[in-house]
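Written out below as structure tokens is the structure these notes cover.
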Amino acid sequence: MPPVISKLPEVGTTIFTVMSSLAKEHDAVNLGQGFPDFAMNEALIAKVNEAMVKGCNQYTHMNGYMPLREVLAEKIGNLYGASINPDMEITVTPGGTYAIYTALTSVLQPGDEVIIFQPGYDSYIPNVVINGATPVLIPLHYPDYSIDWEAVRNAVSSRTRMIMLNSPHNPTGAILRENDIAALRTIVKGTNIFILSDEVYEHVIFDALPHHSMLRYPDLLERSFVCFSFGKIYHCTGWKIGYCVAPAGAMAEFRKVHQFNCFSTDTPKQVALASFLKQKDQYESLGDFIQQKRDYFLQLMKDTKFRMHNSYGSYFILGSYGHFSDETEKDMAIRITKDHKVATIPVSAFYQTPTDNKVLRFCFCKKSETLEKAAERLRRV
Ligand code: GLN
């Protein structure tokens with residue numbers, strides 16, 4: 001074999017695969033990788049089946065099945081007041097992560113700088129690096145994980161091409177607030193900076209708090225790629241289907257990359273989703289449904305030594321253990337998977353700069369029995 005010169009020499013296997021494999025190996029309850037362990041909606045499964053039986057099994061339009069894009073545009077209009085052209089401004093993709101990669105690839109040039117907050121979802125930095133751009137890392141304030149806008153202001157240079165945002169935030173469960181939007185607006189005004197907004201947990205937001213989508217703010221939307229995931233809405237992360245919304249000019253470039261990568265996305269699922277999305281209650285009730293899981297998990301965790309943080313959205317909540325152990329997050333996560341049979345994610349995996357606040361990420365988007373079993377085991381830690 002000829003020598004391989006890695007384009008991502010620093011990158012190993014993603015922590016989600018590492019911890020899920022370890023969980024399997026040790027027969028542990030998996031509160032690591034973020035996925036629901038309960039059944040998805042049967043009516044939606046039936047609709048996919050129906051689409052396949054009807055013969056919707058060939059390529060659909062490369063930008064997405066038009067009736068699905070239309071219903072998405074309508075949903076966006078109702079929720080955020082934005083007028084989105086389904087023909088020019090929405091592309092259906094094989095998952096949210098793919099949408100993020102494609103957006104970055106369509107605008108980044110070698111030498112560009114991208115502002116990324118730490119901790120952050122683990123695909124962002126490699127996605128920037130593989131495009132020859134430079135991640136400029138800004139730590140979120142510990143322990144509330146709010147954004148230090150003064151640091152952002154100082155980090156902006158003539159080479160800043162993008163700011164990456166994620167709300168509700170993985171791994172911390174923090175959300176963007178009104179003051180964040182105000183600061184962001186002032187910083188990007190009159191610049192050439194794009195925003196990549198990862199909003200895959202759009203509907204997984206608690207305590208009746210508003211989701212500050214970029215889609216709400218015309219001055220931000222005009223420079224944004226906003227990425228979404230159906231897996232997180234309909235409890236089917238394995239479907240790998242999502243979409244991106246961006247202004248027509250930016251979306252045209254996005255589609256140039258997409259058409260020669262995946263070309264088009266799964267047809268029968270798009271046909272099913274176009275019809276299922278009309279049932280608004282299905283996504284409108286999601287925040288309350290998952291909030292109940294957060295609250296139940298918090299109650300169960302009271303009997304453990306972990307000090308739980310606040311989570312305002314997402315599938316995740318953080319728990320601190322520094323008051324009872326000096327172990328690194330990675331050692332702790334591995335030890336409790338092996339010895340106590342509960343898998344979690346060390347938050348250090350979401351940082352590039354070595355950071356160990358002695359915090360683990362727990363996924364609470366699980367059946368009550370799963371959460372009970374996990375908490376019972378965690379009581380012994
Ligand atoms: N988004 C999920 C998480 O944070 C995992 C996605 C993945 O495994 N790539 O756990």
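One-based numbering, in listed order, for ligands and for the atoms of each. Quick note: numbers below take in every heavy atom, side chains included, and nothing from hydrogens, waters or symmetry partners.
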(message) Within the 3.5 Å criterion, strictly below it, is a donor on E113 or S157 matched to an acceptor on the partner's side chain?
(response) yes
(message) Between N192 and R223, is there a side-chain donor-acceptor contact under 3.5 Å, judged purely by atom types and distance?
(response) no
(message) Quick test of your reading of the model: are E376 and K373 salt-bridged, counting only N-O distances below 4.0 Å?
(response) no
(request) List the atom of A183, the atom of W149, and the distance in Å for their closest heavy-atom pair. (result) CB-CG, 3.4 Å
(message) Looking at K358 and E329, is any side-chain nitrogen of the basic one under 4.0 Å from a carboxylate oxygen of the acidic one?
(response) no
Pairs under 3.5 angstrom, nitrogen or oxygen on both sides, ligand 1 versus protein: list them out, please.
residue  : atom   : partner : partner atom : Å
ligand 1 : 4 (O)  : N170    : ND2          : 2.8
ligand 1 : 4 (O)  : R361    : NH1          : 2.9
ligand 1 : 8 (O)  : Q33     : NE2          : 2.7
ligand 1 : 9 (N)  : Y121    : OH           : 3.2
ligand 1 : 10 (O) : G34     : N            : 2.6
ligand 1 : 10 (O) : R361    : NH2          : 2.7

(message) Assess, by modelled atom type and distance only, whether the side chains of Y80 and E202 contain a donor and an acceptor separated by less than 3.5 Å.
(response) yes
